Structure formats: structure tokens, C-alpha cells
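Naming convention: chains lettered A, B, ... in sequence-line order (proteins, then strands); numbering from 1 in each chain. Treat the numbers as computed from the prediction; the structure is a model and nothing was measured. Reckoned from all heavy atoms, side chains included, excluding hydrogens, waters and symmetry mates.
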There are 2 protein chains.
Amino acid sequence: MIDLVPDNTLLHHLCMFEDQKMKNRIEIVEDNDVVRDGLQLLINSMSDHTVVGAYESCEMAIKNLDKDSPDIILMDLDLPGMSGIEGIQRIKKRYQDIHIIVITVHEDSEMVFEALCAGASGYITKNANHSRLLDAIDEVQSGGAPMSSKIARMVVSSFQKNQNSPLTSRETEVLELLAKGKSYSVIADELFIHKETVKSHIKNIYFKLHVNSKADALEIARKNKLI
Amino acid sequence: MIDLVPDNTLLHHLCMFEDQKMKNRIEIVEDNDVVRDGLQLLINSMSDHTVVGAYESCEMAIKNLDKDSPDIILMDLDLPGMSGIEGIQRIKKRYQDIHIIVITVHEDSEMVFEALCAGASGYITKNANHSRLLDAIDEVQSGGAPMSSKIARMVVSSFQKNQNSPLTSRETEVLELLAKGKSYSVIADELFIHKETVKSHIKNIYFKLHVNSKADALEIARKNKLI
DNA sequence: AATCAATCACCCAATCTTAGGGATTTTTAA
DNA sequence: TTAAAAATCCCTAAGATTGGGTGATTGATT
């Protein structure tokens with residue numbers, strides 16, 4: 001191949017400038033050395049991404065955030081010291097524009113929702129192949145929220161109610177208004193029924209859910225996605 | 001190529017059986033004739049999918065559900081007569097195992113969340129290319145929840161709190177417990193503070209949110225994702 | 001030094017909730 | 001068609017919750 005571009009200093013600087021200006025700056029937080037190095041190699045192999053920092057703990061990553069100024073962080077959840085969840089919270093609190101993609105083995109709903117609530121923009125499980133991972137970075141960069149398919153289903157399912165609710169639709173309606181903090185009389189007005197009817201419904205709800213207080217009813221209802 | 005399989009009737013029947021047994025049965029609900037026919041052609045071009053019904057309204061689709069027994073329904077939201085949202089609700093109520101993928105132009109959060117709450121397993125906007133659409137069908141079939149990237153981001157963002165809350169962290173804590181339906185005294189116990197302190201916090205919350213009732217506070221708080 | 005957050009305290013009056021006990025009409029399902 | 005389930009309304013009474021007002025202390029941050 002013929003080198004069409006002479007290696008002069010000016011051009012070199014321009015290229016460096018391009019590098020720094022255009023490349024997506026990625027930071028990695030992962031305690032397993034092999035995985036971390038693998039990720040780094042993989043990402044650096046892409047022309048438009050560059051790893052600006054790779055650390056084994058959130059503490060280290062946070063310490064270097066100003067220096068590294070990443071656009072995207074790939075974050076494990078099991079980490080020595082500060083957990084990934086807490087790391088996400090802290091980072092998002094100070095640097096709202098940084099996108100964090102969780103890379104983890106955990107598929108349990110608790111972890112998933114904690115991570116998303118903490119501010120993660122994506123959630124990829126570690127069984128994902130390399131191209132999926134690189135896609136995820138691009139997806140985040142272009143305004144998406146990459147998720148492994150199981151995770152996406154969990155997330156979408158979280159919007160959907162339990163179809164096998166023991167409650168009638170009217171009772172569910174009442175419970176939903178109760179969940180909004182409305183009083184019996186307001187609920188009565190909104191449903192165009194008597195306040196005493198609301199009370200009856202609530203009595204039946206408590207009976208069906210085996211509880212005897214509003215807080216318990218709401219807890220059971222939310223846990224079982226009745227509302 | 002040598003035809004290793006002689007064309008006998010038994011085998012033909014076996015193949016037909018295979019066809020019916022193995023192919024993913026897709027139903028389409030879309031009022032635009034051109035789009036509907038296009039979708040049908042596209043899907044039938046895949047060896048492992050077959051369109052078992054294509055209708056211009058939910059009413060028609062629902063009428064033929066037993067006959068068609070689709071695995072997956074592609075559903076538009078703007079439809080004459082019954083809306084797509086209501087269609088999803090009705091279909092999911094009776095046939096919980098059918099997966100519904102919304103295919104629409106709408107990217108507004110209201111539509112998205114209504115559709116997901118109603119029971120949609122995926123949400124693809126109409127600017128998606130053909131391969132993305134076919135991928136979506138496979139994704140649903142294998143337990144995923146295909147979403148256009150904007151939609152995925154909206155969904156993920158819905159888990160995240162507003163970072164610019166006017167409330168202090170303590171006030172947020174109190175409001176969250178209030179949202180769970182807990183009484184002042186229970187909140188006080190859980191936060192190890194005096195009941196009167198809880199009342200003070202709540203008064204401050206009401207002041208900051210310009211409301212003067214629990215229901216209004218919760219409404220504002222949820223609308224602004226303070227909790 | 002000044003501000004803000006969080007904490008605690010007291011008073012009053014109105015409203016709401018809970019827990020019993022009923023009863024009637026409509027809808028739905030067998 | 002009949003029986004069951006759901007939705008509706010009613011009563012009493014004690015006790016708890018709530019909203020509004022006022023004020024004070026401590027500690028952290030700026």
C-alpha cells in the first residue's frame with residue numbers, strides 16, 4: 001500500500017485532535033482483570049471508541065472521572081467496596097450526562113430495577129456476545145437504552161398488571177385511587193358512588209388480601225402487581 | 001440438486017403438519033391497506049412465519065382470534081372503531097399467551113405506556129426498517145421485548161428520579177413512605193424520628209410543591225418523578 | 001455570619017379510618 | 001333459570017389522622 005499521507009507533525013496533531021474530539025470516550029469498571037482487559041481490547045479495536053480508563057472499583061473510577069471525562073461507563077455490579085448500584089447513583093448525581101451501561105451476570109429483577117432506578121441507561125448480561133456489546137455502546141450514544149432481551153421483557157412486564165387478581169375491577173379501581181393518596185370521600189366522588197360503598201369495597205379488599213390496613217393492602221397489591 | 005425426498009402423499013401431509021406446527025402464526029391489525037399488505041408480504045416471505053390473518057380493525061381481529069389462533073399480533077394503535085390500546089386490553093384479557101407488538105408512528109410517552117400497561121410485549125415505531133421488524137418478531141418469540149431505541153430509552157427513563165427535586169432527601173424519604181400509604185406514626189417509627197417531625201416535613205413538602213393535601217402532593221411528585 | 005436542612009414541640013378543629021353490624025339491587029356464571 | 005358474586009348503600013362509635021399555625025435547636029454548608 002502506498003502511504004498517501006506524509007507523516008508530518010501538523011497532520012499528526014490534527015489526527016490526535018480528531019481522535020480526542022470524535023471518539024467516544026469509554027470507561028470500564030470491572031473487578032475481574034481478564035474481563036476488564038478483554039473489554040478494553042475489544043473496545044479499543046473499534047475506530048470510533050477509546051477506553052479512557054479501566055478500573056477495578058467504583059472508588060477508583062470516581063476518583064478519575066474528572067480526568068477521564070468519559071461519555072459512557074461500562075459498569076459491573078459486583079465490585080469490591082462500593083457496589084455498582086451505589087456507584088451509579090453517585091456518578092449520575094454529579095455527572096448527569098454520562099451514560100452508564102451495566103454489564104453483569106445478574107438477571108434477578110431486584111438488581112435490574114435497582115440499577116435502572118439508580119440511573120443506568122442500559123443493562124447487558126454477560127452472556128452477550130461481543131458485537132452485542134459494541135452495539136450497546138452505539139445504541140446508548142444515539143439515544144437508546146440497550147438491554148438484553150430477558151431484561152427488556154422484565155422491564156416491559158413491570159408495566160403490566162397481574163391478570164389473575166383476586167380483586168374485582170371495581171375493587172381494583174378503588175385500590176388505585178387509594179394508592180394515589182385519595183380519601184374515601186374523594187374516591188366516592190370520583191367513582192360517583194356513596195362514601196359507604198367505598199368503605200365496603202375497601203373492607204372486601206382487606207379481606208381478600210388478608211390485611212387490615214391501607215399500607216399493608218398497598219404493599220401486597222404492589223408486590224403482586226394488582227395495581 | 002438431487003431430490004432425496006420422493007413426493008408422496010404421506011410426506012406431503014407431514015410437511016403440511018410441520019408447516020402448521022412450527023411456523024409462527026402472525027396476525028396483523030392495521031387499517032392502512034398498503035401498509036397491511038406490505039407487512040403481510042414481508043412476513044410471508046420468511047420461511048418460519050406465516051400470516052394467519054390481516055384485518056383493518058380490532059373488532060375484526062378479535063372476531064377471528066379463535067379461528068386464526070396467532071402466536072403474535074402486530075397491532076397499529078390508530079384504528080377505526082376500537083383503539084389499539086383497548087384492543088390490546090381485550091385480547092390480553094382472554095388470550096394471555098398471545099404476544100402483541102405495537103407498530104405505530106406514535107412516540108409520545110402516553111401512548112407508549114398505555115400500550116405497555118395494556119399488555120403489549122413490544123413497541124416498534126414505523127420508521128423501523130424491515131429487518132428490524134422481522135427481528136422484533138423473533139425477539140418476542142424468544143422471550144424478549146423489542147422496542148425502538150427511543151422507546152427503550154423512554155421506558156428506562158421512567159424508572160429514574162428527577163435529579164432536580166426541590167425536596168431534601170429526608171423529605172423525599174417521607175414522601176415515599178406516605179406514597180406507600182403509611183401513617184404519620186408509622187413513618188416516624190421507621191425513620192426513628194418524632195411524629196411531629198414527620199408532620200413538619202410533610203408541611204414543608206406541601207409548601208414546596210404548592211399543594212395542601214396528600215393526594216395532590218403525590219400527584220405532583222409522581223408527575224415530576226420526585227419519588 | 002448566614003442560610004438551609006433536619007429535628008422536635010405544642011395547640012386546635014375538622015375530617016377520616018377502622019371495625020363491627022346490616023341490607024338491597026345488578027351482573028355474571030353455572 | 002337460578003345461584004353466586006359484585007356493587008351498591010346504611011348505621012354507630014371510638015380513635016387516629018390531617019392541616020394549619022407557631023416556634024426553637026442543632027449541625028452542615030456556604
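- Remark: A:K180 does not engage A:E176 in a salt bridge, criterion side-chain N to carboxylate O under 4.0 Å.
- Ion pairing between a basic and an acidic side chain is recognised when a charged N comes within 4.0 Å of a carboxylate O; A:D76 and A:R36 show no such pairing.
- Distance CG (A:L191) to P (D:dA6): 17 Å, rounded to an integer number of Å.
- In this structure, the CD1 atom of A:I193 is 18 Å from the P atom of C:dT25, given to the nearest Å.
- A straight line from CG of A:N204 to P of C:dA19 spans 13 Å, rounded to a whole angstrom.
- When rounded to the nearest whole Å, the span between CD of A:E190 and C1' of D:dT8 equals 18 Å.
- OP1 or OP2 of C:dC8 has at least one side-chain nitrogen or oxygen of B:T197 nearer than 4.0 Å.
- Two residues are said to be in side-chain contact when any heavy atoms from C-beta on lie closer than 4.5 Å; A:H201 and A:E173 fail this criterion.
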How would you summarise protein contacts on nucleotides 17-30 of chain D per nucleotide, using B for base, S for sugar-phosphate only and - for none, with heavy-atom distances below 4.0 Å? SBBBBB--------
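- The CD1 atom of A:I205 sits 18 Å away from the P atom of D:dA5 (whole-angstrom rounding).
- Rounded to whole Å, the distance from CG on A:L209 to P on C:dT18 is 13 Å.
- Every pair tested for salt bridge (Lys or Arg N to Asp or Glu O under 4.0 Å) that includes a residue from residues 51-63 of chain A fails, sequence neighbours excluded, so the list is empty.
- In terms of heavy-atom proximity, B:V155 sits nearest to A:F159 at CG1-CE1, 3.6 Å.
- For the residue pair B:D216 / B:H210, no side-chain donor-acceptor distance below 3.5 Å is found, with atom types taken as modelled.
- Straight-line distance from the CZ atom of A:F192 to the C1' atom of D:dA7: 16 Å, rounded to whole Å.
- Close to D:dA6, at under 4.0 Å from its OP1 or OP2, lies no side-chain N or O of A:H201.
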